[in-house]
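To keep things clear, I will list the structure first and then write my remarks on it.
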Amino acid sequence: MSATTPRVAVIGGSGFYEFLDDAEEIHVETPYGDPSAPIAVGDVDGTAVAFLPRHGKGHAYPPHLINYRANLWALRSLGVRQVLAPCAVGGLRDEVAPGDVVVPDQLVDRTLSRVQTYVTSGALHVPFADPYCPTLSRTVAAADGVRLGGTMVVVEGPRFSTRAESQHYAAQGWSLVNMTGHPEAVLSRELQMCHAAIALVTDMDAGVESGEGVGQAEVFATFARNVERLKQLVAGVVGSLPTPGEGCGCASWADGLDLPYQLP
């Protein structure tokens with residue numbers, strides 16, 4: 001691989017559609033179709049970084065129709081081994097508040113129809129007890145104003161939760177709710193890439209407060225107010241990332257196993 005091979009990728013969430021200056025756009029074909037957009041590759045303080053807007057340019061794809069398999073496959077094929085995944089989330093408990101940035105350490109899948117694996121034959125069961133890379137997550141959480149820990153429940157969308165659903169999630173002790181965090185993390189694991197979510201709390205979900213519940217305008221407005229801060233945070237973290245696979249099993253979990261798919 002060349003010195004300009006991007007080993008780090010940033011997947012931008014709602015409102016986070018651009019990140020790199022003077023980037024080269026690369027169109028990547030995958031066995032799973034097209035990714036959400038061409039992948040931009042550029043430089044962040046001497047580090048080659050790939051950037052992909054999760055929802056596509058102009059928010060073309062709602063959360064349940066994103067081609068997650070193509071997105072992660074395309075990044076891996078370019079040389080990426082570490083994925084930073086900013087996303088908008090709702091808060092479920094009073095331990096978080098709008099404007100907080102949280103690096104969750106657990107995930108609950110409540111999606112309904114998404115293809116969440118590259119395994120289509122044979123016996124392969126990816127270890128996923130700890131869904132996020134602990135080394136990558138700790139590095140991100142070391143940045144000022146970022147908290148480590150919390151469970152993010154991922155729902156199908158595109159609708160927001162009912163009040164009863166939000167109250168149920170909060171009662172389980174889960175602190176964040178989101179629509180795009182799954183299957184990104186498990187697909188990264190299957191491709192032996194380190195993955196960390198960076199969750200910006202945009203609202204308190206329907207069951208937490210009285211009133212009409214969360215609305216799209218509120219979510220987008222809060223994200224817009226914080227997107228530059230989030231970009232600066234991610235850019236600052238890039239230069240301090242550990243060596244891919246250092247101190248974790250993200251790249252080695254399949255050692256000695258026969259994968260039913262060929263890594264790109």
Side-chain angles (χ1 to χ4, degrees), residues 7-13 28-37 39 50 52-56 60-87 89 104-137 151-158 169 174 176-199 244-245 248-264:
R7 306 307 295 253
V8 180
V10 176
I11 301 178
V28 182
E29 295 182 357
T30 85
Y32 307 97
D34 294 329
S36 295
I39 297 172
L52 176 65
R54 180 183 290 114
H55 294 277
Y61 302 104
H64 63 301
L65 295 180
I66 293 169
N67 192 339
Y68 295 96
R69 290 198 298 176
N71 285 352
L72 276 302
W73 192 272
L75 292 174
R76 164 86 192 198
S77 70
L78 291 180
V80 168
R81 297 296 181 269
Q82 295 172 313
V83 177
L84 301 175
C87 57
V89 302
D105 58 3
Q106 276 298 322
L107 179 153
V108 175
D109 173 25
R110 287 292 182 267
T111 63
L112 301 171
S113 62
R114 305 178 188 186
V115 181
Q116 57 179 296
T117 182
Y118 297 107
V119 178
T120 57
S121 64
L124 181 76
H125 306 284
V126 62
F128 205 54
D130 297 302
Y132 302 108
C133 174
T135 307
L136 197 59
S137 295
T151 297
M152 183 167 73
V153 55
V154 184
V155 299
E156 182 73 0
Y169 300 152
W174 307 336
L176 307 169
V177 59
N178 164 265
M179 298 180 189
T180 58
H182 187 80
E184 275 188 359
V186 70
L187 293 174
S188 287
R189 180 67 53 82
E190 287 192 351
L191 294 178
Q192 299 179 16
M193 297 189 294
C194 299
H195 188 106
I198 306 173
C248 67
C250 302
S252 60
W253 68 266
D255 288 356
L257 300 178
D258 292 325
L259 296 178
Y261 48 90
Q262 185 172 357
L263 292 172

Indicate every side-chain donor-acceptor pair of residues 118-128 with a distance under 3.5 Å to a residue at least two apart or in another chain.
from   : atom 1 : to    : atom 2 : distance (Å)
Tyr118 : OH     : Arg69 : O      : 2.8
Tyr118 : OH     : Trp73 : N      : 3.4

Review point. Do the non-hydrogen side-chain atoms of Leu187 and Gln116 ever get within less than 4.5 Å of each other?
Key: no

Review point. Do you know which two heavy atoms are closest between Arg114 and Thr180, and how far apart they sit?
Key: NH1-CA, 4.1 Å

Review point. Considering only heavy atoms from C-beta outward, does the side chain of Tyr169 approach that of Val108 to under 4.5 Å?
Key: no

Point to revise | Beyond-backbone contact of Val154 with Glu184, side-chain heavy atoms, under 4.5 angstrom | key: no

Review point. Does some side-chain heavy atom of Asn71 sit less than 4.5 Å from a side-chain heavy atom of Leu52?
Key: yes

Point to revise | Contact list for residues 125-136, test salt bridge (Lys or Arg N to Asp or Glu O under 4.0 Å), sequence neighbours left out | key: none

Donor-acceptor pairs under 3.5 angstrom involving side-chain atoms of residues 248-255: please list them, not counting sequence neighbours.
from   : atom 1 : to     : atom 2 : distance (Å)
Trp253 : NE1    : Arg189 : O      : 2.6

Exercise for review: Report yes if some heavy atom in the side chain of Val28 is under 4.5 Å from a heavy atom in the side chain of Ser77; otherwise report no.
Suggested key: yes

Check your understanding: So, for Tyr61 and Ser36, which heavy atoms are closest and what is the spacing to 0.1 Å?
Key -> CE1-O, 3.4 Å

Practice item. Can you see which heavy atom on Asp34 is nearest to which on Asn67, and at what distance? Key: O-ND2, 3.5 Å

**Study point:** Atom of Leu136, atom of Val83 and distance for their closest heavy-atom approach
**Key:** CD2-O, 3.6 Å

Revision key, fill the gap. Heavy atoms of Ala199 and Pro104 approach each other most closely as CB-CD, 4.4 Å

Check your understanding: Are the side chains of Leu191 and Pro264 in touch, meaning some heavy atoms are under 4.5 Å apart?
Key -> yes

**Study point:** Ala37 to Gly56 - nearest heavy-atom pair and separation
**Key:** CB-CA, 4.3 Å

Review point. Once you round to the nearest 0.5 Å, how far does CD of Glu190 lie from CZ of Arg76?
Key: 12.5 Å

Check your understanding: Can you tell me how far the NE2 atom of His182 sits from the OH atom of Tyr68, to the nearest 0.5 Å?
Key -> 9.5 Å

Check your understanding: Would a 4.5 Å heavy-atom cut-off, applied to side chains only, mark Cys194 and Arg81 as touching?
Key -> no

**Study point:** 4.5 Å side-chain heavy-atom contact, Cys87 and Arg54
**Key:** yes

